[in-house]
Engineer: 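Handing you a structure now.
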Amino acid sequence: MARSNDEVAELLREYADLIAITGGDAFKARVYEKAARAIGGHHADVRTLDAEGLREIPGVGRSIADKVTAYLSTGDFAALEKLRAKIPEGVRRLTAVPGLGPRKAYTLHQELGVSSVDELVEAIHAERLRDLKGFGPRTEENILHGVELMRSAGGRALIDVALDLAEDVVATLSRIDGCLRCAYAGSLRRGRETIGDVDVLVAAEESGPFMEAFAALPYVSEVIARGPSKTSVRTDKGLSVDLRVVPPDSWGAAMLYFTGSKAHNIRVREIAVREKLKLSEYGLFDAESGERIVSRAEEEVYARLGLPWIPPALREDRGEIEAAREDALPELIEESDLRGDLHTHTDLTDGLAPLERMVAEAAKLGHAYYAVTDHAPNLYMQQMTEERILAQREEVRALDGVYGRRGRTDRRGGMRLLHGVELNIDPDGEVDWPAGFLAGFDVCVASIHSHFGQSREELTRRLVRACENPHVNIIGHPTTRILGKRPGIEFDLDEVFAACARTGTAMEINAHPNRLDLRDEDILRARRHGVRFAIDSDAHSVPDLGHLRFGVGTARRGWLTADEVINTWPLTRLRRFLRKGRRG
DNA sequence: GCCGTTTTCGGCCCGACTGTTTTCAGTCG
C-alpha cells in the first residue's frame, strides 16, 4: 500500500492548494508544495522519523515537522481542517482542470457559488462567467476544453495508483485460510496506461470469508454490490474494485475471461465455436454434450484451441491471435532485461535527491550503467550553466571510479556512470549548446518542453531536426503528453520515426506513470520503421527510479523485444550506438 | 513557512504565454 510518505505528501499538497485558493501567502503555499514533494520523494519512511529527523528533509522546518509528527501520532491536521471547512472539496478539484488555477477557482466559488466541475460546466453554458472580471469568451472556451480533456481520461486512475491498490488487496486476501490462488486481472494485468476499475480473482471453495474481508478493507468507502460470487466496492482512492471468487477448477478460464480485452475474448471464443466448443469464465466446454474439457489454467485453454499462451500485454486483438497461430509471438522484453537507466535528474536541477544518493539507490537496483541527465540552460527556471554541469561531470567521474570498479556478487559486476544532459528542443529544432560542448557528454536526451501549439508541419520539422543533430541520442517524452492533463503534440509520426531510424536516434519510452510516452500504439508503429527505444525512468527522486517497470509494461504492449531497447544492451554496444556514427 | 558565503530579516528557480486588459493577473513549466 502507499507509503506514509505519499499520504503525508498528499495532505501537504492539499494544504498548499487551499492556501493558494484562499489567497493566502503564495510563498507559504509554495513552501508546503515543496515540502510535499520532498517528503514524497524521500527515501526513508516518515513514520520512522521523529521531528528532528523530519527537519533534515530539505524544505521541512519546525512548523511542518511538528504538523507531520502530530498527524502521524494523532491523525489530526488542524490547520488543514480549518481550511477544508471553508472550501468545499469540489473547488479544489476545479484546479485540476487545465487552464483553471487557484485564483479563478476561488473567484468562481465566491462569485457564482460554483463548487464542482458539473456546476462549472453549467455556469459556462448559462453564460454566467463572462460577467466576471478577468473572464471572457476565450476563457470559457479554454475551460470547457480543459474539462473535456479531463473527462476523456474518464475518471480512470494512473497505473501506479491502481497497481498499489490491487497489490494490497491481493496480499490481504492471499492470507485468508482457504485461498488457493489470488491475482488481479483486467486492464491492470494487461498493463494499460490508465485503469477504470480493478478486478481481483480468488480461487477458493468457500467465498464467504473473502467477501467479508474484502468489504471490510480500510479504504473501502462504499459497498456497491455484494453476492456469493462477486462483490464490488468503491475505495477512497476513487477507484472501484471487483472481487470474484471462483471454484479452483475454473481458475484458468476465469483469469482468461476477466483479463480481457473484450476484443481478444471475442476472437478466442470464435475459435472455440469453430471447434464446436464453448468458452466461458467457467471453462472450455464441448458445445454438444456440455462436458467441461479444460479450465484450470490459461495455458490449457489456449492449448486446446491450438494456441500458445498469449501474454496479457498483447491481448488487444491487434494481431496477437494471428501471430500466435503462426507461432510468431514476439519474445517480449522483461524488466530483468534492462541493464540501466538513461534519463534521470538530481537536485542540481529539479530533482529532489543529490547525485550520490541517486547513484547509490540506482546501484541497489542492480543496474550495469546509469546516466545522469540534468536539464540544460534553456529551461530557464533550472538555472543551469556550463560551469555547473562541468562540475557535476567531475563528481560523476569520481563516483564512476567508485561504483564502476566495485565487485558485485551478481553476474553484472559494478555500475558504470554516464554523464549526460536533457537538452531542450527549441521551436526551430535547435538545442542548448553548440556541438563542441555537446561532444563532451556520454549521452544527450533532447525533449520538447514548450511551444506545444506549433503546427503539425512545424513540430515534425522540429523533431526531425533534433534527430539530425549528431549529438542527440534520445528523444525524451516524444509527445509531451501528461495523462488527463495535456494531450500530446501532433506531428507526422512516420516521418519522425523514419528520421529516428535513419539517424540512429532512439525514441524514449518515458516510464513515469503520468507520461508513458511513447504510448503503446505509437511504439507498434515506430518499430515498423526499425526505430530503437530507450526505456527511462526520468526519475526526479529515489522512489521514481522504480517506475521503469511501467515503461517495460508499455514496451510489452508495443510488442517490443529486448533487442529493440538500447538500455538492455551491454555497455560497449550501447556506447557504439551513442556515438551515432561520429568518430571518437 | 523555510533558509542563510546577505545569518534572525528579507528574500523566495524565472520567463513565456494567454486573455484580459490598455498595464496586468493568472497559469504553466
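Just so we're clear, the structure is a prediction, and the values are computed from it rather than from any experiment. Quick note on labels: first sequence line is chain A, next is B, and so on, each numbered from 1.
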Engineer: Roughly how far apart, to the nearest Å, are B:dC17 and B:dT22 at atom P?
Structural biologist: 23 Å
Engineer: Tell me which residues in residues 31-47 of chain A put a heavy atom below 4.0 Å from DNA chain B, sorted by number, or none.
Structural biologist: A:V31, A:Y32
Engineer: Quantified in whole Å, what is the C1' atom distance between nucleotide B:dT18 and nucleotide B:dG10?
Structural biologist: 32 Å
Engineer: Taking A:E193 first and then A:R519, would you say they form a salt bridge - that is, a charged N and a carboxylate O separated by under 4.0 Å?
Structural biologist: no
Engineer: Pull out every residue in residues 448-460 of chain A that has a heavy atom closer than 4.0 Å to any atom of DNA chain B, ordered by number, or say none.
Structural biologist: A:H449, A:H451
Engineer: Within this structure, what is the NE2-to-P distance between A:H512 and B:dG29, rounded to whole angstrom?
Structural biologist: 13 Å
Engineer: Should the pair A:E81-A:R84 be classified as a salt bridge under the 4.0 Å nitrogen-to-oxygen rule?
Structural biologist: yes
Engineer: Using OP1 and OP2 only, check whether a side-chain N or O of A:T139 sits under 4.0 Å from B:dT18.
Structural biologist: no
Engineer: Answer with base, sugar-phosphate or nothing: what part of the nucleic acid does A:L379 contact at a heavy-atom distance below 4.0 Å?
Structural biologist: nothing
Engineer: Counting only Watson-Crick pairs (N1-N3 plus N6-O4 or O6-N4) and G-U wobbles (N1-O2, O6-N3), all under 3.5 Å, who is the partner of B:dC9?
Structural biologist: B:dG4
Engineer: So, is the end of the A:R532 side chain (NZ or CZ) under 6.0 Å from the ring centre of A:F577 and within 45° of the ring's axis?
Structural biologist: no
Engineer: Quick one: A:L100 CG to B:dA25 C1', roughly how many Å, whole number?
Structural biologist: 14 Å
Engineer: Determine whether the aromatic ring of A:F27 stacks with the base of B:dC12, defined as ring centroids separated by less than 5.5 Å and ring planes inclined by less than 30°.
Structural biologist: yes
Engineer: Between A:G99 and A:G61, which has a closest nucleotide on DNA chain B that is more 5'?
Structural biologist: A:G61
Engineer: Using the C1' atom as the point on both nucleotides, what is the distance between B:dG29 and B:dC13, in whole Å?
Structural biologist: 11 Å
Engineer: Between A:R128 and A:F135, is NZ or CZ placed under 6.0 angstrom from the six-membered ring centre and within 45° of the ring axis?
Structural biologist: no
Engineer: Out of B:dT27, B:dC2, B:dC13, which has the shortest distance to the side chain of A:P102?
Structural biologist: B:dT27
Engineer: Can you find a side chain N or O atom of A:N142 that sits less than 4.0 Å from OP1 or OP2 on B:dT18?
Structural biologist: no
Engineer: Tabulate below the donor-acceptor pairs under 3.5 Å that side-chain atoms of residues 94-104 of chain A make, not counting sequence neighbours, or state none.
Structural biologist:
from: A:T95; atom 1: OG1; to: A:R92; atom 2: O; distance (Å): 2.6
from: A:R103; atom 1: NH1; to: A:A20; atom 2: O; distance (Å): 3.4
from: A:R103; atom 1: NH1; to: A:I21; atom 2: O; distance (Å): 3.2

Engineer: Is any side-chain nitrogen or oxygen of A:R30 closer than 4.0 Å to OP1 or OP2 of B:dC2?
Structural biologist: no
Engineer: So, using side chain to side chain contact (heavy atoms under 4.5 Å, CB included) as the criterion, who are the partners of A:H145 when residues are at least two apart?
Structural biologist: none
Engineer: Could you give the CZ-to-C1' distance, from A:R62 to B:dC3, as a whole number of Å?
Structural biologist: 14 Å
Engineer: Can you check the distance between B:dA16 and B:dG11, where both ends of the measurement are the C1' atom (answer in whole Å)?
Structural biologist: 23 Å
Engineer: Among B:dC2, B:dG15, B:dC13, which nucleotide sits nearest the side chain of A:Q383?
Structural biologist: B:dC13
Engineer: Of the candidate nucleotides B:dG1, B:dT20, B:dT27, which contains the atom at the shortest distance from the side chain of A:R138?
Structural biologist: B:dT20
Engineer: Partners of A:P58 by side chain to side chain contact (heavy atoms under 4.5 Å, CB included), sequence neighbours excluded?
Structural biologist: none
Engineer: For a 4.5 angstrom cut-off between non-hydrogen side-chain atoms, does A:I389 reach A:W433?
Structural biologist: yes
Engineer: Which whole number of Å gives the distance between the P atom of B:dT5 and that of B:dG1?
Structural biologist: 23 Å
Engineer: According to a strict under-4.0 Å criterion, is A:R486 in side-chain N/O contact with OP1 or OP2 of B:dG29?
Structural biologist: yes
Engineer: P atom, B:dT8 versus B:dC14: distance in rounded Å?
Structural biologist: 22 Å
Engineer: Taking atom C1' in both B:dC9 and B:dG15, what distance in whole Å separates the two?
Structural biologist: 27 Å
Engineer: If we only count heavy atoms from C-beta on, is the A:L72 to A:L49 side-chain gap below 4.5 Å?
Structural biologist: no
Engineer: Which atom pairs, one a donor and one an acceptor, fall under 3.5 Å between side chains of residues 491-509 of chain A and the rest of the protein, sequence neighbours left out?
Structural biologist:
from: A:D492; atom 1: OD1; to: A:D494; atom 2: N; distance (Å): 3.2
from: A:D492; atom 1: OD1; to: A:E495; atom 2: N; distance (Å): 3.0
from: A:D494; atom 1: OD1; to: A:R525; atom 2: NE; distance (Å): 3.2
from: A:D494; atom 1: OD1; to: A:H529; atom 2: NE2; distance (Å): 2.8
from: A:D494; atom 1: OD2; to: A:R525; atom 2: NE; distance (Å): 3.4
from: A:D494; atom 1: OD2; to: A:R525; atom 2: NH2; distance (Å): 2.7
from: A:R502; atom 1: NH2; to: A:E468; atom 2: OE2; distance (Å): 3.0
from: A:T503; atom 1: OG1; to: A:C467; atom 2: O; distance (Å): 3.4
from: A:T503; atom 1: OG1; to: A:A499; atom 2: O; distance (Å): 2.7
from: A:T503; atom 1: OG1; to: A:T505; atom 2: OG1; distance (Å): 2.7
from: A:T505; atom 1: OG1; to: A:C467; atom 2: O; distance (Å): 3.2
from: A:T505; atom 1: OG1; to: A:K580; atom 2: NZ; distance (Å): 3.0
from: A:E508; atom 1: OE1; to: A:H477; atom 2: N; distance (Å): 2.8
from: A:E508; atom 1: OE1; to: A:N510; atom 2: ND2; distance (Å): 3.0
from: A:E508; atom 1: OE2; to: A:H343; atom 2: ND1; distance (Å): 2.7

Engineer: By nearest heavy atom, map A:I57 and A:G101 onto DNA chain B; which one lands nearer the 5' end?
Structural biologist: A:I57
Engineer: Please work out whether the ring planes of A:H547 and A:H512 are parallel, tilted or perpendicular, with thresholds of 30° and 60°.
Structural biologist: perpendicular
